[in-house]
Structures are given as C-alpha cells and as structure tokens.
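Numbered from 1 within each chain, the chains take letters A, B, ... in sequence-line order. Since we're looking at a predicted model, the values are computed, not measured. The analysis underlying the following values was restricted to heavy atoms, covering all of them including side chains, and did not include hydrogens, waters or symmetry mates.
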Amino acid sequence: MAIDTIWVLAEQQDGAPVPTALELLTQARAMAGTVKAVTWGGGAEGLAGTLGEYGAQVVYDLGDLGGKLPGPLVAAALAERVRSGDQPDAIFVPTTYDGRDIAGRLSARLDVPVLTNVVGLVEENGELRSEHAVFGGTQIVTARFTGARPGIFVIRAKSFPAESAGGGPASVETLTVPEVGAVSAASVQQRHVEERSGPKLDEADVVVSGGRGLGAAEHYALVEELARLLHGAAGASRAIVDAGWVPYSHQVGQTGKTVKPTLYIACGISGATQHLVGMKGAKHIIAINKDPEAPIFSVADLGIVGDVHKVLPKLIEALKARS
Amino acid sequence: MNVVVCAKQIPDPAAPPALDPERHTLVRDGKLILDDSDAYGVEMGLQLAGDDGEVTLVSMAPNGEVSGLRTALAMGAAKAILVSDEALRGTDALGTAKVLAKAIERVNPDLVIAATESTDGYTGTTPVQLAELLGLPSVTFAKKVTVEGGKVRVERQTEAGYDEVECPLPCVVTVTAGVVEPRYPSFKGIMAAKSKPVEQLTVADLGLSPDEVGFGGARQEIVSVVPAEERGAGEIVTDEGDAHERIIQFLEQLKLI
Ligand SMILES: Cc1cc2nc3c(=O)[nH]c(=O)nc-3n(C[C@H](O)[C@H](O)[C@H](O)COP(=O)(O)OP(=O)(O)OC[C@H]3O[C@@H](n4cnc5c(N)ncnc54)[C@H](O)[C@@H]3O)c2cc1C
Ligand SMILES: Nc1ncnc2c1ncn2[C@@H]1O[C@H](COP(=O)(O)O)[C@@H](O)[C@H]1O
C-alpha cells in the first residue's frame, strides 16, 4: 500500500504559517503525491500562496473559530471529513500547544493511535515509519502503526528543512466545523504577548542559554548581554523558567523550543536529557560549567570547566573591546 | 469541589532506563515513584479542592504498584483508584486514556487535573484524549489556575506569551511544572497515607475489553532502537583565568566575530 495523500496542519502565527508547518509540507511532498494543508483562524486566502509554494495543492480552511481553543473544533471537522471517505494516509501535526490538543482529540474521535515527538520519517514498504530521539538523543527509536490509517504523527520543530518547491498557490476549500457541544466550551478571553528584542530563539544563528548555575535571576543579564553581543537570542533551562527568573518562551528542551543554531552556548546548565534533546542539533556547542562531570560536556565541542561569574564577564568585556 | 488528579507512577528517572529486549518498551517492573510532573497536579488539586472537597487520585500502573500513590496521599489526597492488570502491559496513550476515563467516570469530579506531559512517556496527548472520551472541554499548558463561579480561569502558555482562557466546569486542565510549589509530605501525612483507601480495579472491572488496551490495542510497534550518531568528543579547557580567550578564538574560527 503506497502513501498517496498526506494532510499537514498549518497553524498560523502573526498571519503566516508556523515554520514547522513549512518543514512538514516540504517533507510531505517528498513522500506523497497529494498534499493538503489544514488551516484555521481566518485569512486562508492569504496563506494559500505560501502553503502552495511549499507543496500543498489544497488548503482546507476551517475559518475563524470565534476565540474558541482550536483542539476540539479542528479535530471534529477533520474526523468528520475522514469518516465521509476523504481519507489521508497520514496526518502531520507540528508539535505546538494547539497541535498536540488537536492530535489527541482527533486520535480519540477516530479511535486511532498517535505517535508523538517524531524527529524523522522514512518510507518502507509503502508505509511511514517515524523516528524518535530517546534518552537525551542517544538512541533513535523507529516505530510504525499496525492498524488502520490515517496515522497521526506529531512532529518536532526543525526535524526537516523547509524548502520552497516554487509552486503556485494552493486552492482553498472550506470545511464546515460541526457543532460539538460541551467539549469546545473553553475560550480565550485575552492574549498576552511577551516583548522580546533581537532574533527569535528558534531562528537565531547563535543561542546563549543560562541555567541554575547562574545562581540568581539578576545574573541572567550576563546571558542576555552575551547574546546581544553575538547578535543571538537568549535561552534558558527549565530550572530557571520554573523558578520564575525568565519567561517560559525562553525555554529550550523537550517541553520548550528546539533550536538548531550555528552555535549554542550553555552557561551553568547541567545537560539533563530533556535539555539536550532541544539543543543537541546545534552545529557547534560551547559549555561553561564548574563541574567537570556535568553531562553537558559530552555534547560540547568546547567545554570550559569554570565559574560562569568569572568567565562570562571577561568574555563580555573582551567582545566589547573588539566592537 | 471534588478534583481527580491523574497520578502516573514511573521508574525512578535518576536510574538508568531499561528497555524490554523484545518489544523495546520501557521496563516498568520495579518500584515506581510519583512522577514529579504530577506532584504539581496534586498540589494544585489540593489547593483548589478546598475544605469542602477532596482529591481523588487515578492511576494506571503494573503490578499493583502503590508507592507513588502513597506519596500523593501523604501530601493530602483523600483516596486513590489504581487500575492494574497484566493485560495493560504495552498500553499506549490512547489506551491509557480509555482506562483513566472509565476510572474517572466512577468519581464524577468537578475538575480533572493532569500534567502537560509525563517524565517517562512524554506523549502529552493522554489528557486531551481523556477529555475527548469523557466529553469534556480541556485547557492545556496551564501556568496559573483559579476557579470561580463554576468556571476555571487559566493562564495558558503560548508561543508568544500566554492566553487567559475561561472554561466551565467540569473540565480537564493540564498543568506545567512550576504552576505551584508542591508541598513536602509531613510525618503526620505519611502516617495517615498508610490507611487511606486505594481501590484496585482490573480492565474487566472497568468494562473495557482486553483488546482495547495492551500491546494489541496500541496498534503501533517499535521496529528498532539504534544508537544515535554521536557528537565527536570535544576539547575541555579548565579555566585558569583565561578561558574566555579560547572562546574568542573559537568564535573567530566560526567567523561569528
Ligand atoms: C517531563 C520533563 C520535561 C522537561 N523538559 C525540560 C526542557 O524542556 N528543558 C530543560 O532545560 N529541562 C527540562 N526538564 C528539566 C531537566 O530534567 C532539568 O531539571 C533541567 O534542565 C536542569 O536545569 P539546569 O541545568 O539549569 O539546572 P541544574 O541541573 O541544577 O544544573 C545547574 C548546573 O550549573 C552548574 N553550576 C553551578 N554553579 C555554577 C557556576 N558558578 N558556574 C558554572 N556552572 C555552575 C552545576 O555544576 C550544574 O551542572 C524537564 C524535566 C521533565 C521531568
Ligand atoms: N498511567 C497513568 N496513570 C495516571 N496518569 C497518567 C498515566 N499516563 C498518563 N497520565 C497523565 O497524563 C499526563 C500526560 O502523560 P503522557 O501522555 O504520558 O505525556 C501525565 O503527566 C499524567 O498526569
């Protein structure tokens, strides 16, 4: 059985598809003849150009969801579509907050399982197999579905490059969102956007992250200063996000962002498996940690055994002197 | 208010993980502890239940394991339901959700709390699947939760910051680490936990058929486990006051400065 059709959930942010959706479209068009994108939140016509360029022939548009959380509504609309006979072989879902909600709800509605934390996909004997990095990325697990299609794959950011295919705009088809009752009762009252300056964490060429080894919230300024001097973005381990030193949007790792910069600098971060999976894909890694046994050194190209409070100020000083 | 908290019991994450050589799934046969991720849920549940309500733990685990549940009971949960059955070996997230949903239906709570993801499985889909099966709305990734007038108000993490989300009860909420500071069980709590009720149920007790759960129900399999490409061993420099110079050199080599 070949793979003919793949749907890609193309969540939008600031009026454009999230970068992972373009990565997944690129991968989908390499694996299937028919690729359809699914979008919601309004403005589908405006997205059809980009989605088409990356490989979607059709955009299923669910329209504006009126402030409701998308999970139950998008899942219900897609489940209805699948049940009506329009069956994809696979559904690719970016690992985002709403993506996981949709995948979970859709899985329960269709009574099909989901594979999550996918970092690679391969085709074998006409079926898709997913790859998952486990144990801090030291092992790769390959999995397959054994039951009925569609297979739902929730895929991590930066698993594939996004490459334009140069195609024309996708055609937009409207899907109606069915009435689902109580399950869609959650609604957004207000959105809060945290201000950030400089490049985005998951797009920056250089990422400088700080961890508990910084000792106190105010020392995070060292990390920000170094990031600024290198035209990069400042990230964090979960320990200091949980401690409230920095907002969650800075978190790198399993539950945070996946980054693949040219250079990642880890300052006072131990290198827990959940942190490593989010940054191990960096081209180069520098780690500064006072404990020579810290696991972060096992992935570092340059490991500095030292105190961040001594190394960082001197480094910042030296960089300032050059500029 | 009556709250159900999903409490997963997991192998100690500090110990080296073992994989079943045949199925490649995580071996969960030894002693299990309360997943740290769920300690936040237990604390949140205790705070929201208040004096006129209580927290019921719901858990699915092999071998009748209760060690993790005792920890949560010692924190202050009133009772627990444990689903344990040989037929559950190999159950995936959807199967787990089916089991937990059946167990939760017996309690009929005002609110169900789970963690955004477990430490050992981290699919992060179980709670939403559970919500769908129970016909309940859900709010995931809560970093702050309050309840007022039959509604929960949640600050839900987003890519850009957070959203204020409102949802009528009953519903499912998943909480992130750091949402509240979990209390340490007191000595009195630990002693009291020993006699708190833990109801043990099987798949049949829940009215589920064995082929909906376990390896068969999962309808997925692990084909292989291979070591990932290793990063070459790097250079280690012990700082003698001049390590920053080595970093500068490295930055120059990469043409970043
Ligand atoms: C389900 C789950 C999901 C998770 N997701 C994530 C995630 O997405 N991202 C994430 O980062 N973590 C995640 N974690 C948490 C992870 O397990 C670790 O707890 C966390 O990464 C530790 O952060 P840290 O390295 O800053 O702190 P620690 O582990 O406490 O390490 C601090 C380090 O600083 C060093 N140090 C101390 N003082 C100095 C000094 N003066 N100079 C230099 N070095 C110093 C110490 O030697 C130590 O190695 C997750 C955990 C779970 C259970
Ligand atoms: N076996 C289980 N018993 C109790 N709760 C569970 C179980 N599996 C998952 N959960 C709940 O669902 C959350 C997400 O789990 P997961 O889908 O494994 O990431 C967990 O943190 C728990 O709150």
Side-chain angles (χ1 to χ4, degrees), chain A residues 13 69 71 97 100-101 103-105 107-109 113-117 129 133 135 137-147 182-194 206 230 242 248-249 254-255 262-263 284 286 297 299-306 310-311 314-315 318 322, chain B residues 17 24 92-94 97 116-117 122-125 128-129 131-133 135-141 143 156-168 171 177-178 218-228 231 234-239 241 243-248 250 254 256-257:
Chain A
Q13 203 189 354
L69 290 185
Y97 306 102
R100 289 214 297 199
D101 280 7
R105 294 251 174 203
S107 145
R109 276 206 175 238
V114 199
L115 283 164
T116 44
N117 289 303
R129 294 187 172 183
F135 306 150
T138 56
Q139 306 276 319
I140 302 289
V141 162
T142 303
R144 63 185 279 266
F145 289 114
T146 57
V183 292
S184 71
S187 59
V188 177
Q189 306 295 306
Q190 204 171 350
R191 296 189 190 280
H192 295 262
V193 175
E194 281 152 3
V206 176
L230 296 174
D242 288 353
Y248 172 79
S249 55
Q254 182 179 302
T255 16
T262 303
L263 176 65
H284 303 278
I286 300 178
F297 288 130
V299 299
D301 304 295
L302 176 60
I304 307 291
V305 180
K310 297 201 176 117
V311 180
K314 284 191 197 156
L315 180 58
R322 295 169 65 103
Chain B
H24 308 296
D92 74 329
L94 181 57
T116 51
E117 60 179 29
Y122 59 95
T123 77
T125 54
V128 217
Q129 290 167 320
E132 185 72 25
L133 294 167
L136 294 179
S138 57
V139 187
T140 51
F141 284 92
K143 48 180 226 155
R156 178 181 190 245
Q157 270 167 12
T158 62
E159 215 50 58
Y162 67 95
D163 286 349
E164 278 173 49
V165 179
E166 198 174 85
C167 184
C171 64
R219 291 165 290 164
Q220 59 192 264
E221 64 180 18
I222 292 174
V223 187
S224 65
V225 182
V226 296
R231 293 187 73 98
E235 170 192 348
I236 299 285
V237 175
T238 302
D239 181 35
H244 61 285
E245 288 166 14
R246 179 65 191 96
I247 298 177
I248 295 277
F250 195 85
L254 298 184
L256 287 168
I257 52 172

_Interface residue of largest heavy-atom contact number with chain A, from A97(B), C171(B), A131(B), under 4.5 Å_ = A131(B)
*asked:* Please identify, among I304(A), T142(A), L315(A), the residue contributing the most non-hydrogen atom pairs under 4.5 Å to chain B.
replied: T142(A)
*Could you tell me which residues satisfy side chain to side chain contact (heavy atoms under 4.5 Å, CB included) with A318(A), sequence neighbours excluded, listed by chain and number?*
H244(B), I248(B)
*Could you tell me which portion of F141(B) (side chain, backbone, both or neither) has an atom closer than 4.5 angstrom to a non-hydrogen atom of chain A?*
side chain
*asked:* Nearest 0.5 Å, please: how far is OG1 in T140(B) from OH in Y97(A)?
replied: 9.5 Å
*Would S107(A) and Q129(B) count as a side-chain hydrogen bond (donor to acceptor under 3.5 Å, both in side chains) if you check the C-alpha gap in whole Å, the side-chain angles of each, and the deciding distance to 0.1 Å?*
CA-CA 7 Å; S107(A) 145; Q129(B) 290 167 320; 2.8 Å; yes
*Pairwise distance CD(E235(B)) to CZ(F297(A)) - rounded to 0.5 angstrom*: 12.0 Å
*Please flag which part of R246(B) lies under 4.5 Å from any non-hydrogen atom of chain A: side chain, backbone, both or neither.*
both
*Atom group of T116(A) that falls short of 4.5 Å from chain B, counting heavy atoms*: side chain
*Name the member of G137(A), S187(A), A103(A), A300(A) that forms the most heavy-atom pairs with chain B at distances under 4.5 Å.*
S187(A)
*Proximity breakdown for A243(B) and chain A, heavy-atom pairs closer than 4.5 Å*: both
*Using a 4.5 Å cut-off on heavy atoms from C-beta on, say whether the side chain of T123(B) contacts that of V114(A).*
no
*With only heavy atoms counted, which part of I140(A) is less than 4.5 Å from chain B, the side chain, the backbone, both or neither?*
both
*Under the side chain to side chain contact (heavy atoms under 4.5 Å, CB included) test, which residues partner D92(B), sequence neighbours left out?*
P113(A), L94(B), A218(B), Q220(B)
*Top residue by heavy-atom pair count (under 4.5 Å) with chain B, among L230(A), T255(A), T262(A)?*
T255(A)
*On the 0 to 90° scale, with breaks at 30° and 60°, tag the H284(A)-F250(B) ring pair as parallel, tilted or perpendicular.*
perpendicular
_Can you tell me which portion of A185(A) sits under 4.5 Å from chain B's heavy atoms? Options are side chain, backbone, both or neither._
both
_Region of N117(A) in contact with chain B, defined by heavy-atom distances below 4.5 Å_ = side chain
*asked:* Heavy-atom pairs under 4.5 Å with chain A: which of P168(B), C167(B), A160(B) has the most?
replied: A160(B)
*Atom of S138(B), atom of A186(A) and distance for their closest heavy-atom approach*: O-CB, 3.9 Å
*Which residue out of S224(B), P227(B), G234(B) racks up the most heavy-atom pairs below 4.5 Å with chain A?*
S224(B)
*Which bit of L136(B) comes within less than 4.5 Å of chain A, counting heavy atoms only: side chain, backbone, both or neither?*
backbone
*Determine the option with the most heavy-atom pairs under 4.5 angstrom with chain A, choosing from V139(B), T125(B), L133(B), V226(B).*
V226(B)
_Part of Q190(A) lying under 4.5 Å from any heavy atom of chain B_ = both
*Options V299(A), D101(A), L115(A), L263(A), ranked by heavy-atom pairs under 4.5 Å with chain B, top entry*: D101(A)
*Could K314(A) and D239(B) be called an ion pair, given the rule that one side-chain N must be under 4.0 Å from one carboxylate O?*
no
*Is it the backbone or the side chain of V206(A) that comes under 4.5 Å from a heavy atom of chain B, or both, or neither?*
side chain
_Closest contact, heavy atoms only, H192(A) versus D163(B)_ = N-OD1, 4.3 Å
_Under 4.5 Å from a heavy atom of chain B, the part of L302(A) involved_ = both
*Just how far is it from atom CG of L69(A) to atom CD of E166(B), taken to the nearest 0.5 Å?*
11.5 Å
*For the residue pair R100(A) and Y122(B), what are the closest heavy atoms and their distance?*
NH1-O, 4.5 Å
